[in-house]
K.L.:
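For reference, the structure I am asking about is given below.
So you know, we letter chains A, B, ... as the sequences are listed, proteins then strands, and number each from 1.
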Amino acid sequence: MPLDTAGNATPSGSIVVVENLVKRFGAFTALNDINLRVDKGETIVLCGPSGSGKSTLIRCINHIEQHDGGRIVVDGIELSNRMADINSVRCEVGMVFQSFNLFPHLTVAENCMLAPMKVRGISQFEARDRARLLLRKVRIADQADKYPAQLSGGQQQRVAIARALCMQPKIMLFDEPTSALDPEMVKEVLETMVELAKEGMTMVCVTHEMGFAREVADQVVFMDRGSIIEEADPETFFRAPRTERAKGFLNQIIH
Amino acid sequence: MNTLDFSIVAQSWPYLWSGLLFSLSLTAAAFAIGMILGTCLALVQHFDVPVLAKIVRSYVAIIRSIPLILVLFWFFFLMPIVLGHLSGNGRPVPIGASATAFTTFGLFEAAYYSEIIRVGLRAVNKGQFEACQALALSTYHTYRHIVLPQVLRVASPIILSQTIILFQDTSLVYVLSLTDLLGAASKLAQLNGRLVEMYLVVAVAYLIISSAASQCVASLRKRYAIATTR
């Protein structure tokens with residue numbers, strides 16, 4: 001059911017609305033009654049111990065995981081099982097994965113050009129231009145004709161960011177984008193993400209990079225065992241976490 | 001003691017050549033039909049299409065458990081009778097040896113290629129599908145541009161060995177009185193009493209063609225090696 005962006009179902013400003021979301025894997029409840037709003041231009045950092053449901057939550061937002069209860073409204077479109085709705089949401093939601101998931105048999109440029117041409121229907125010229133522009137933005141324009149395997153991890157992840165941006169999404173989801181990287185490559189990927197956040201992109205990031213959270217997050221959401229435990233601006237969250245679980249978690253990752 | 005005399009080969013060259021051309025064109029046709037049909041069969045199983053998937057699985061199981069030579073016989077002797085029944089007048093409809101060979105080899109190879117591709121489809125990383133979903137690519141585009149090209153690259157060595165076996169199996173068409181490379185050589189050998197020379201020459205021809213095919217794929221793989229390793 002498409003809903004008016006400014007209508008009743010979607011309060012103005014919120015581009016992602018998650019209400020009473022439930023997700024189960026068999027008998028295991030991965031997400032339990034999650035409520036979350038993301039405003040246009042906001043950067044939200046999701047953190048929490050492994051298995052807390054952060055990745056599952058963002059994977060529900062573009063329907064890579066199907067939710068079992070509650071509602072998800074993205075850019076005025078409620079995610080149902082209708083493929084048309086799912087695809088129009090996915091067009092507006094870019095995603096960056098922990099393991100990059102670049103297409104190994106296509107060059108960097110082709111990785112960026114495929115979906116805009118096949119899904120958005122733009123011409124090859126336009127797609128090439130757009131790819132060149134965005135590859136320059138992630139500072140990797142000179143590698144456009146190489147294959148993913150010829151690049152370092154950090155470079156591959158920046159290509160993945162450019163590939164998602166080529167669809168001109170309104171929202172970007174990041175699923176632990178730096179967890180699979182060598183330490184010296186984390187910085188280059190984070191810099192790209194910081195730049196993107198500062199340009200006003202709406203972002204939901206699952207990450208444990210607390211420096212990144214402090215610098216650009218408007219809100220930090222702490223999850224544990226499938227529930228949202230704490231939501232706060234980064235200063236408050238890092239300085240004075242309210243719950244014991246959040247304190248314990250912060251001690252573990254900062255030590 | 002007999003000495004080897006290869007002059008027979010030079011004299012009978014055109015006949016051998018036409019046999020070789022038949023072997024090659026049968027291989028090429030069976031490869032093309034087999035790969036296209038085999039990919040369809042593999043996809044039907046991969047998507048577990050109701051009813052159809054079961055039929056395909058039985059088809060593949062049956063074909064793979066029967067010797068090719070028997071399938072050739074079946075087609076050649078039974079198909080005309082079946083067609084006769086279907087056409088209504090009960091009289092057998094002959095389909096000819098060549099048509100039998102091309103159809104049988106194509107259908108037979110499809111079963112083998114489909115198994116290779118089916119296994120390849122399962123080997124594609126889950127993350128590739130997720131990336132396609134996240135980019136809103138349709139199922140068609142996902143398989144056409146992302147999944148199948150990766151399957152074909154990974155499976156190319158096995159597809160090649162299957163094709164070399166196919167090339168060698170084309171000699172079975174002698175049961176339909178068709179003349180392929182080996183058939184031509186056999187006939188000439190018996191006619192002239194020069195069996196050793198003929199069989200040596202034919203063995204060398206098979207060796208050259210098969211290893212050339214291997215070389216060709218090896219160099220293709222090297223060119224795409226970058227794309228398949230990670």
K.L.:
Give me each pair satisfying side chain to side chain donor-acceptor pair (under 3.5 Å) with a member in residues 102-120 of chain B, each pair once, sequence neighbours excluded.
P.N.:
B:Glu109-B:Gln162, B:Tyr113-B:Thr163, B:Glu115-B:Arg118
K.L.:
Heavy atoms only, distances under 4.5 angstrom: which of A:Ala164, A:Pro116, A:Ala115 has the most pairs with chain B? Name it, please.
P.N.:
A:Ala115
K.L.:
With a 4.5 Å limit on heavy-atom distance, are the side chains of A:Lys118 and B:Arg144 in contact?
P.N.:
no
K.L.:
Should the heavy atoms of other residues, nucleotides or ligands under 6.0 Å from CD of A:Glu184 be counted, would the total exceed 12?
P.N.:
yes
K.L.:
Side chain from CB out, backbone as N, CA, C, O: work out which of these in A:Phe103 comes under 4.5 Å of a heavy atom of chain B, or both, or neither.
P.N.:
both
K.L.:
What part of A:Val93 gets within 4.5 angstrom of chain B, counting heavy atoms only: side chain, backbone, both, or neither?
P.N.:
backbone
K.L.:
Per the ring-ring contact (aromatic ring centres under 6.0 Å, His included) rule, what does the pair list look like for residues 149-168 of chain B, sequence neighbours excluded?
P.N.:
B:Phe167-B:Tyr206
K.L.:
As an exercise, state the distance from OG1 of B:Thr139 to CE of A:Met83, rounded to the nearest 0.5 Å.
P.N.:
6.5 Å
K.L.:
With a 4.5 Å limit on heavy-atom distance, are the side chains of A:Met95 and B:Leu135 in contact?
P.N.:
no
K.L.:
Please round to the nearest 0.5 Å and tell me the distance separating atom NE2 of B:His145 and atom CD of A:Glu110.
P.N.:
11.5 Å
K.L.:
Distance-only, no hydrogens or angles: does the A:Asn62 side chain make a donor-acceptor pair with backbone N or O of B:Ala134 under 3.5 Å?
P.N.:
no
K.L.:
Working to the nearest 0.5 angstrom, can you tell me the gap between A:Glu65 CD and B:Glu130 CD?
P.N.:
7.0 Å
K.L.:
Under 6.0 Å from the CD atom of A:Glu199, do we count more than 12 heavy atoms belonging to anything else shown?
P.N.:
yes
K.L.:
Let me know if A:Arg120 has heavy atoms under 4.5 Å from chain B in its side chain, its backbone, both or neither.
P.N.:
neither
K.L.:
Atom OH of residue position B:Tyr174 - does it have more than 12 heavy atoms of other residues, nucleotides or ligands inside 6.0 Å?
P.N.:
no
